[in-house]
Peer 1: 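Below is the structure I would like to discuss, written out as structure tokens.
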Amino acid sequence: MNTGAAGIWAVVPVKEVALAKQRLASSLPPSLRQALVRAMMRDVLAALQAARGLAGTVVVTADAEAGLLAREHGARLIFERSVRGLNLAVAEAATRLRVDGAAGMLVLPADIPSVTPLEISDLVARHTRTPGVSLVPAHDGQGTNALLVSPPDLMTFSYGPMSCSLHAGSAQALGIAPVVHDPARFPGLALDVDLPRDIERLERLASTTRTRRLLEAEGLLGARARDPAIRHQ
Ligand SMILES: Nc1nc2c(ncn2[C@@H]2O[C@H](COP(=O)(O)OP(=O)(O)OP(=O)(O)O)[C@@H](O)[C@H]2O)c(=O)[nH]1
Ligand SMILES: O=C(O)[C@H](O)COP(=O)(O)O
């Protein structure tokens, strides 16, 4: 990958589609879970394409199909030869972007289908300091749904349990006061779909995403989900 441009690049790490979203396995059959993973990834990439203030998007994945979806949405690709986990995948993207001269990196997960272009543009516009770290916690306050860091390889990554406070602590250890945004100001971005109840939460957001259309067609959201009489027809 040669990004060949300064500015802030979005990075979307994507796990193998067949292995993703195991916490939904008890409520969704594998084919629907995989369709959901693809739809969510497309929604995130479409929002990034429409957002202002980014130099481009990079997808980091070991999954060939995810690589094709990335290219369809005009994203660059870092194709991982082996699966090494989320933190090493993001660290590799950070190093590559720094070598290519990128000013910063915005890491977004592929499971936030309701993220809007406006939320992304707003977050990037509010990131005014380098070196600097801006964070948007997940709606549960624990995960990291957006990590904007400049320069890209400033810090180590701590995705996993309680990652948002760990990322804030890493910035502080470098003498940087992180900007931790209120997730309530970024409702689409803050809603990562990890658990069955997160699917219901999607209903409360006014969005017309591929993900929503898929879940409505499957009777998991919308009128068919609310009315068992219709659902079982
Ligand atoms: N490149 C890469 N991306 C990853 C890896 N693990 C997770 N991701 C991505 O990181 C983001 C957040 O991941 P999680 O919320 O943990 O998603 P998940 O691992 O599919 O979910 P569970 O299987 O339920 O834990 C998603 O965009 C995943 O696709 C990895 O090992 N490599
Ligand atoms: O740190 C994170 O945000 C995780 O990697 C993903 O967290 P989750 O389990 O809340 O999705």
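Just so you know, ligand 1 is whichever comes first in the structure, and atom 1 is the first atom listed for that ligand.
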Peer 1: Can you find an N or O of D140 that's nearer than 3.5 Å to an N or O of ligand 2?
Peer 2: no

Peer 1: Evaluate the salt bridge (charged side-chain N to carboxylate O under 4.0 Å, His left out) criterion for residues E119 and R185: first the C-alpha distance (whole Å), next the side-chain angles of each, then the deciding distance (0.1 Å), finally the verdict.
Peer 2: CA-CA 9 Å; E119 287 177 323; R185 291 192 55 159; over 6 Å; no

Peer 1: If you measure from the Lys or Arg side-chain nitrogens to the Asp or Glu carboxylate oxygens, is any gap between D198 and R201 under 4.0 Å?
Peer 2: yes

Peer 1: Please indicate, with yes or no, if any protein heavy atom is found under 4.0 Å from atom 2 (C) of ligand 2?
Peer 2: yes

Peer 1: Check R38 with E65, please: is the shortest side-chain N to carboxylate O separation under 4.0 Å?
Peer 2: yes

Peer 1: Which atoms of ligand 2 have any heavy atom of R23 under 4.0 Å away?
Peer 2: 8 (P), 9 (O), 11 (O)

Peer 1: Indicate yes or no: does R126 engage D122 in a salt bridge with an N to O separation below 4.0 Å.
Peer 2: yes

Peer 1: Taking NZ, NE, NH1 and NH2 as the nitrogens, is one of them in K15 or D63 under 4.0 Å from a carboxylate oxygen of the other?
Peer 2: no

Peer 1: Going by the order shown, which atoms of ligand 2 are within less than 4.0 Å of some heavy atom of G143?
Peer 2: 3 (O)

Peer 1: Do any N/O atoms on G160 end up under 3.5 angstrom from N/O atoms on ligand 2?
Peer 2: yes

Peer 1: Please check atom 5 (O) of ligand 2 for a protein heavy-atom neighbour under 4.0 Å.
Peer 2: yes

Peer 1: Quick one: which ligand 2 atoms are inside 4.0 Å of a heavy atom on L86?
Peer 2: 5 (O)

Peer 1: Please report the closest heavy-atom contact between I176 and G132, naming both atoms and the distance.
Peer 2: CG2-CA, 4.1 Å

Peer 1: If you count every heavy atom of other residues, nucleotides or ligands that lies below 6.0 Å from R52 atom CZ, does the total exceed 12?
Peer 2: no

Peer 1: Does any donor atom in the side chain of D43 or T211 lie under 3.5 Å from an acceptor atom in the other side chain?
Peer 2: yes

Peer 1: Can you tell me which residues line ligand 1 if we count any heavy atom under 4.0 angstrom from one of its atoms, in chain and number order?
Peer 2: P13, V14, K15, A20, K21, Q22, R23, V60, E80, G85, L86, A89, P109, A110, D111, D194

Peer 1: Could an N or O of ligand 2 be found under 3.5 Å from any N or O of S163, whether backbone or side chain?
Peer 2: yes

Peer 1: Show the atoms of ligand 2 that are less than 4.0 angstrom away from any heavy atom in D192.
Peer 2: 10 (O), 11 (O)

Peer 1: At under 4.0 Å between heavy atoms, is it the side chain or the backbone of N145 that contacts ligand 2, or both, or neither?
Peer 2: neither

Peer 1: Numbering the atoms of ligand 2 from 1, which are under 4.0 Å from a heavy atom of D194?
Peer 2: 8 (P), 10 (O), 11 (O)

Peer 1: Quiz question: by atom type and distance under 3.5 Å, do the side chains of S158 and H167 form a donor-acceptor pair?
Peer 2: no

Peer 1: Using a 4.5 Å cut-off on heavy atoms from C-beta on, say whether the side chain of V37 contacts that of M41.
Peer 2: no

Peer 1: Answer yes if the side chains of S150 and H127 hold a donor-acceptor pair under 3.5 Å, and no otherwise.
Peer 2: yes

